[in-house]
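When reading the values below, keep in mind they use all heavy atoms of this one structure, side chains included, and skip hydrogens, waters and symmetry mates.
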Amino acid sequence: MKPFFKILISFFLANAFFAAAQVSSGNFLLGVPDAFAGLWERDDRFVMFAESEDFLESRVQEFLSSPEASDDEKNAVRNQAKYVSILLKTFYGWYLDRTAEPESFSSEARFVNDSTCPEAERIRVEFRPLLRMADVVGADQGEGSVWEIFIRYPGVREPAIIPLAIIGGNLYLNFAIKLNTENDESREVTDDETGENPPDELLGFWCSLVPTDGVKVSLPASGENIYSTYITRDSVYTIRYWKTDMEYSQERAFFSDGGKTFSVVKHIQSGGKNFSCTNGRSVTIRNVQKTSALPEVYELDSSATICGLGEPYLRRVQNENSVQTVARLVRDAMSKKAPNPDPPFPPSNLDFHMEEIYRLEEGNLIIQSLRKRNKDFGKLSQ
């Protein structure tokens with residue numbers, strides 16, 4: 001094998017295997033999954049997941065077509081070609097800053113000023129599927145799916161791991177996955193249950209993943225706790241999971257409410273960390289909060305297995321993800337002009353009776369000298 005290919009293989013395998021070592025299982029996908037295709041927007045940014053076209057050209061393309069390279073080596077090279085493009089809506093949304101994007105996007109000139117960096121950040125991203133309902137119930141790809149994206153920032157050794165869910169055209173960072181609880185006593189309906197019953201699809205244990213504060217140009221912050229919920233006909237139980245150094249296990253943990261006993265998973269592995277709802281070897285959950293408050297705003301996927309909570313973090317606004325789409329957005333933003341600001345004081349219909357004011361000023365030397373000084377100053381300023 002040529003020396004160039006040997007160096008290329010060792011470099012990219014080291015990076016790809018380092019990212020894979022952060023999780024316990026699962027495979028990263030090649031390319032940008034269909035669920036992430038298109039342009040995503042929120043009130044302060046646009047986000048796009050794109051492949052760097054120039055990376056797959058010339059000598060790298062020659063390596064990918066080489067019969068001497070193994071499939072694992074080719075996959076490691078392809079994994080390095082995925083980037084996240086972030087356009088920040090700065091200056092109250094009147095200026096789009098192409099803060100992060102692949103190097104191939106430089107084919108379209110960037111608008112640079114004193115508030116922007118001359119070069120955009122190169123932030124790589126990898127996709128690891130956790131749950132894709134298309135594989136389970138035959139739904140369309142992206143209708144309901146849960147992912148962990150590994151974002152690698154320049155100069156930062158470890159990747160940022162962000163769990164997220166995609167339901168239809170919405171991307172959620174605050175979401176939950178429904179786990180099987182068919183054998184629990186909470187599934188039984190009794191005659192003494194009162195109040196407004198929740199929809200059947202909400203009943204059961206909803207396992208949340210570690211929350212993060214966004215897909216950002218800088219390292220995002222992750223939560224220290226995970227709050228999962230168990231919903232029955234008459235109650236909502238909130239269970240706190242915290243970071244722990246214990247090894248991950250598939251044990252079940254239990255809590256009770258009167259004569260009913262409920263079981264949930266003891267550990268949740270998310271964001272490269274392990275979370276537990278009990279101490280040590282105990283399987284008894286304490287300090288469970290009981291309420292009757294259901295989520296006010298939520299979105300379920302077609303199988304009622306994934307639930308997005310609150311407003312989505314990003315909404316898909318276009319199906320295209322290319323440098324031309326980014327350039328068109330920036331040109332449209334630059335062509336707009338901000339409206340004139342509102343007057344500092346609202347219009348008034350007061351009648352000041354100026355003729356009376358002028359009459360009172362007659363013979364007043366102090367006021368007359370002031371008027372003259374103002375007129376002279378106005379002439380000098382012209």
Within 6.0 angstrom of [X] [atom1], more than 12 heavy atoms from elsewhere:
X      : atom1 : answer
Arg328 : CZ    : yes
Asn349 : CG    : no
Ile357 : CD1   : yes
Asp44  : CG    : yes
Glu296 : CD    : no
Asp332 : CG    : yes
Gln289 : CD    : no

If you take the centroid of each ring, where Trp contributes its six-membered ring, are Phe49 and Phe127 closer together than 6.0 Å?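 Yes; Phe49 has its ring centre under 6.0 Å from that of Phe127.
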
Apply salt bridge (Lys or Arg N to Asp or Glu O under 4.0 Å) to Glu41 and Lys89, showing your working. CA-CA 10 Å; Glu41 182 184 13; Lys89 299 179 182 180; 2.6 Å; yes

Closest non-hydrogen atom pair between [X] and [Y], with its separation:
X      : Y      : result
Tyr298 : Cys307 : CB-SG, 3.7 Å
Ile226 : Ser208 : CG2-O, 3.4 Å
Ile162 : Pro220 : CD1-CG, 3.9 Å
Ser235 : Lys290 : OG-CE, 3.1 Å
Ile167 : Gly308 : CD1-N, 3.5 Å
Gly223 : Val210 : O-CG2, 3.5 Å

Any [X] side-chain heavy atom under 4.5 Å of [Y] side chain:
X      : Y      : answer
Leu130 : Glu148 : yes
Pro154 : Ile123 : yes
Val265 : Phe205 : yes
Arg45  : Lys216 : yes
Arg152 : Glu126 : yes
Val215 : Tyr313 : yes
Pro312 : Leu171 : no
Cys207 : Ile268 : yes

Could you tell me whether the side chain of [X] and the main chain of [Y] form a donor-acceptor pair under 3.5 Å?
X      : Y      : value
Glu51  : Val32  : yes
Arg98  : Ala109 : yes
Thr99  : Asp97  : yes
Ser276 : His267 : no
Arg122 : Glu101 : yes
Arg316 : Ala37  : yes

All side-chain hydrogen bond (donor to acceptor under 3.5 Å, both in side chains) counterparts of Glu356, not counting sequence neighbours: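 So Glu356 forms a side-chain hydrogen bond (donor to acceptor under 3.5 Å, both in side chains) with Arg359.
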
Could you state the interatomic distance from [atom1] ([X]) to [atom2] ([Y]), rounded to the nearest 0.5 Å?
X      : Y      : atom1 : atom2 : answer
Leu96  : Arg110 : CG    : CZ    : 12.0 Å
Arg371 : Arg373 : CZ    : CZ    : 12.0 Å
Asn319 : Asp34  : CG    : CG    : 11.0 Å
Glu121 : Tyr83  : CD    : OH    : 12.0 Å
Phe254 : Ser282 : CZ    : OG    : 11.0 Å
Ser145 : Asp301 : OG    : CG    : 9.0 Å

Do [X] and [Y] share a hydrophobic cluster (ILVMFWY, side-chain heavy atoms under 4.5 Å, transitive)?
X      : Y      : value
Val264 : Tyr227 : no
Val217 : Tyr95  : no
Tyr230 : Ile306 : yes
Ile239 : Tyr248 : no
Phe46  : Val125 : no

Let's go through Arg331 and Glu108 carefully: what are the C-alpha distance in whole Å and the side-chain angles of both, what is the deciding distance for side chain to side chain contact (heavy atoms under 4.5 Å, CB included) to 0.1 Å, and is it a yes or a no? CA-CA 11 Å; Arg331 285 195 299 266; Glu108 292 282 350; 4.1 Å; yes

Applying salt bridge (Lys or Arg N to Asp or Glu O under 4.0 Å), name anything that partners Glu201, two or more places apart in sequence or on another chain.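 Expected list: none.
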
Does the plane of the ring in Phe255 sit parallel, tilted or perpendicular to the ring in Phe262? Use 30° and 60° as the thresholds.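 Parallel, since the angle between the ring planes stays under 30°.
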
Check the orientation of Phe36 and Trp147. Use parallel for under 30°, tilted for 30 to 60°, and perpendicular for over 60°.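 Phe36 and Trp147: perpendicular rings.
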
Residue that, paired with Thr278, satisfies side-chain contact (heavy atoms from CB on, under 4.5 Å) out of Thr244, Thr284, Ile285: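 Going through the options one by one, the only one that passes is Ile285.
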
Full working for salt bridge (Lys or Arg N to Asp or Glu O under 4.0 Å) between Asp200 and Arg233: CA-CA 9 Å; Asp200 289 343; Arg233 293 285 181 184; 2.8 Å; yes

Given the rule in the side chain to side chain contact (heavy atoms under 4.5 Å, CB included) test, do Ile161 and Phe150 qualify, once you have shown the distances and angles that lead to the verdict? CA-CA 5 Å; Ile161 307 175; Phe150 287 62; 3.5 Å; yes

Apply side chain to side chain contact (heavy atoms under 4.5 Å, CB included) to the pair Leu329 and Leu39, showing each step before the final yes or no. CA-CA 11 Å; Leu329 282 174; Leu39 181 70; 3.2 Å; yes

How far apart are the C-alpha atoms of Val326 and Met48, what are their side-chain angles, what is the distance that settles it, and do they pass the side chain to side chain contact (heavy atoms under 4.5 Å, CB included) test? CA-CA 9 Å; Val326 172; Met48 178 187 295; 3.7 Å; yes

Remaining members of the apolar cluster that contains Phe345, side-chain heavy atoms under 4.5 Å: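 For Phe345, no cluster forms, as it stays isolated from other hydrophobic side chains.
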
Between the side chains of Glu299 and Tyr172, is a donor N or O closer than 3.5 angstrom to an acceptor N or O?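 The criterion, which ignores hydrogens and geometry beyond distance, is satisfied for Tyr172 and Glu299.
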
